[in-house]
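Single-structure report; data block below.
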Amino acid sequence: MLQPRILIPVAAAFGFLSLALFIASGRSFAFDRSVVLFFRETGDPSMPIGPAWLREAVRDVTAFGSTVGLGLMTIAAGLTLWLCRHRHLAVGLVLTVIGATAVSTVLKIVIGRDRPDIVEHAALTFTASFPSGHAFLSAVTLLSIAGFVGLAARRDDITRLCLVLAWGMIVMIGMSRIYLGVHWPTDVIGGWCLGIAWSSLSVALLGRSMAKAEGLNPDSVRASG
């Protein structure tokens, strides 16, 4: 029987591939329209629900998933690993995020899904809709940071803490894209699925090989300090 650390990324990859093929065929989901409209004022789809401060707060959250936001996180985590003498892991983390960024760009061009056209966008957009770059790249960046830091620390409590914080940010960033009307829910779900698969593969293969190159045993984990 497959272990969860194998089953989950395999299922995520299959989920992304299924969504991508369905969307590339030109079909759509009624679910997408219903969820997007759920976050809009009744009778006024141009206005997201909630007070003005909430809309500004959501824009702030979505900025964490931008190229600038995730780039700064990657630089900060990479430099921290580097200064802690985990230079192989630092390089592996940076390569993981750069590779994912390139793949995100190519997928958007190839699939070419239109952005939601049933509501007014509450944020600027410049690329196609599927997969959500914010959802995909935030999942890749934050889950990879958690994984690479966990390999460096070799402590499962630190790894769990990083994963909890990562998933909190990932979910908020993804939901912010739907709330702002710039992505269909399936764009975000597809981005999450691909991000889980990409980061899992990177940590399992690249991360573990980098850890071994540094003389670390990735299978040796301590419960606490």
Side-chain angles (χ1 to χ4, degrees), residues 1-21 64-65 67 69-71 73-74 76-78 80-81 86 88-108 111 130-175 177 186-214 216-222:
M1 184 176 181
L2 291 177
Q3 296 179 353
R5 68 178 183 179
I6 298 176
L7 181 60
I8 291 174
V10 169
F14 179 79
F16 169 77
L17 183 60
S18 300
L19 279 174
L21 292 174
F64 283 112
T67 301
L70 295 176
M73 293 181 202
T74 302
T80 299
L81 287 170
H86 295 296
H88 289 82
L89 288 172
V91 172
L93 174 61
V94 172
L95 291 177
T96 295
V97 176
I98 291 175
T101 302
V103 168
S104 176
T105 301
V106 171
L107 286 173
K108 284 176 174 290
I111 297 175
F130 185 90
S132 165
H134 279 64
F136 171 40
L137 295 176
S138 66
V140 169
T141 302
L142 294 169
L143 293 178
S144 294
I145 288 174
F148 279 71
V149 168
L151 288 171
R154 290 178 295 163
R155 285 177 50 178
D156 54 7
D157 54 343
I158 292 178
T159 302
R160 284 195 297 268
L161 175 61
C162 290
L163 285 172
V164 168
L165 295 175
W167 270 113
M169 287 297 301
I170 291 166
V171 171
M172 288 193 296
I173 290 170
M175 293 302 296
R177 305 307 284 169
T186 46
D187 296 334
V188 172
I189 294 172
W192 283 341
C193 286
L194 185 57
I196 291 169
W198 186 281
S199 60
S200 297
L201 186 63
S202 177
V203 172
L205 298 182
L206 184 59
R208 290 171 70 86
S209 66
M210 292 296 189
K212 290 178 179 178
E214 295 183 353
L216 301 175
N217 181 2
D219 297 315
S220 175
V221 179
R222 294 170 290 168

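FYI, the numbering just counts along the sequence from 1.
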*asked:* If we ignore hydrogens and angles and just use 3.5 Å, is the side chain of Ser199 paired with the main-chain N or O of Ile196 as donor and acceptor?
replied: yes
*Pairwise distance OG(Ser209) to CG(Leu151) - rounded to 0.5 angstrom*: 9.5 Å
_Closest non-hydrogen atom pair, Gly92 against Leu206_ = O-CD2, 3.4 Å
*State, to 0.1 Å, how close Leu93 and Phe148 come at their nearest heavy-atom pair, and which atoms those are.*
N-CE2, 3.5 Å
*Can you list the steps and then say if Leu143 with Trp167 is a side chain to side chain contact (heavy atoms under 4.5 Å, CB included)?*
CA-CA 8 Å; Leu143 293 178; Trp167 270 113; 3.6 Å; yes
*Could you tell me the separation between the CZ atom of Phe64 and the CD1 atom of Ile170, rounded to the nearest 0.5 Å?*
14.0 Å
*Is there a donor-acceptor pair closer than 3.5 Å between any side-chain N or O of Ser104 and the backbone N or O of Ala100?*
no
*Steps toward side chain to side chain contact (heavy atoms under 4.5 Å, CB included) verdict (Leu137, Val97)*: CA-CA 7 Å; Leu137 295 176; Val97 176; 5.8 Å; no
*Closest heavy-atom contact between Pro9 and Ser200?*
CB-CB, 3.6 Å
*When rounded to the nearest 0.5 angstrom, what distance separates CD1 in Ile145 from CG in Leu165?*
11.5 Å
_Can a donor-acceptor pair be found, under 3.5 Å and without considering hydrogens, that links the side chain of Thr80 to the backbone of Ala76?_
yes
*Spatial distance of atom CE (Met169) from atom CG (Leu70) [nearest 0.5 Å]*: 8.5 Å
_If I take atom SG from residue Cys162 and atom CG from residue Leu142, how far apart are they, to the nearest 0.5 angstrom?_
10.5 Å
*Check whether the ring centres of Phe130 and Phe136 lie less than 6.0 Å apart, and answer yes or no.*
no
*Quick one: closest heavy-atom pair of Thr159 and Ala146, and the distance?*
CG2-O, 4.4 Å
_Nearest heavy-atom neighbours spanning Leu81 and Ala90_ = CB-CB, 3.9 Å
*asked:* Under a 3.5 Å distance rule, please check whether Trp198 uses its side chain to pair with a backbone N or O of Ala139 as donor and acceptor.
replied: no
_Could you report the tightest heavy-atom contact between Ala152 and His86, atom names first, then the distance?_
CB-CD2, 3.6 Å
*Pairwise distance CZ(Arg177) to CG(Asp187) - rounded to 0.5 angstrom*: 10.0 Å
*asked:* If we ignore hydrogens and angles and just use 3.5 Å, is the side chain of Ser138 paired with the main-chain N or O of Ala135 as donor and acceptor?
replied: yes
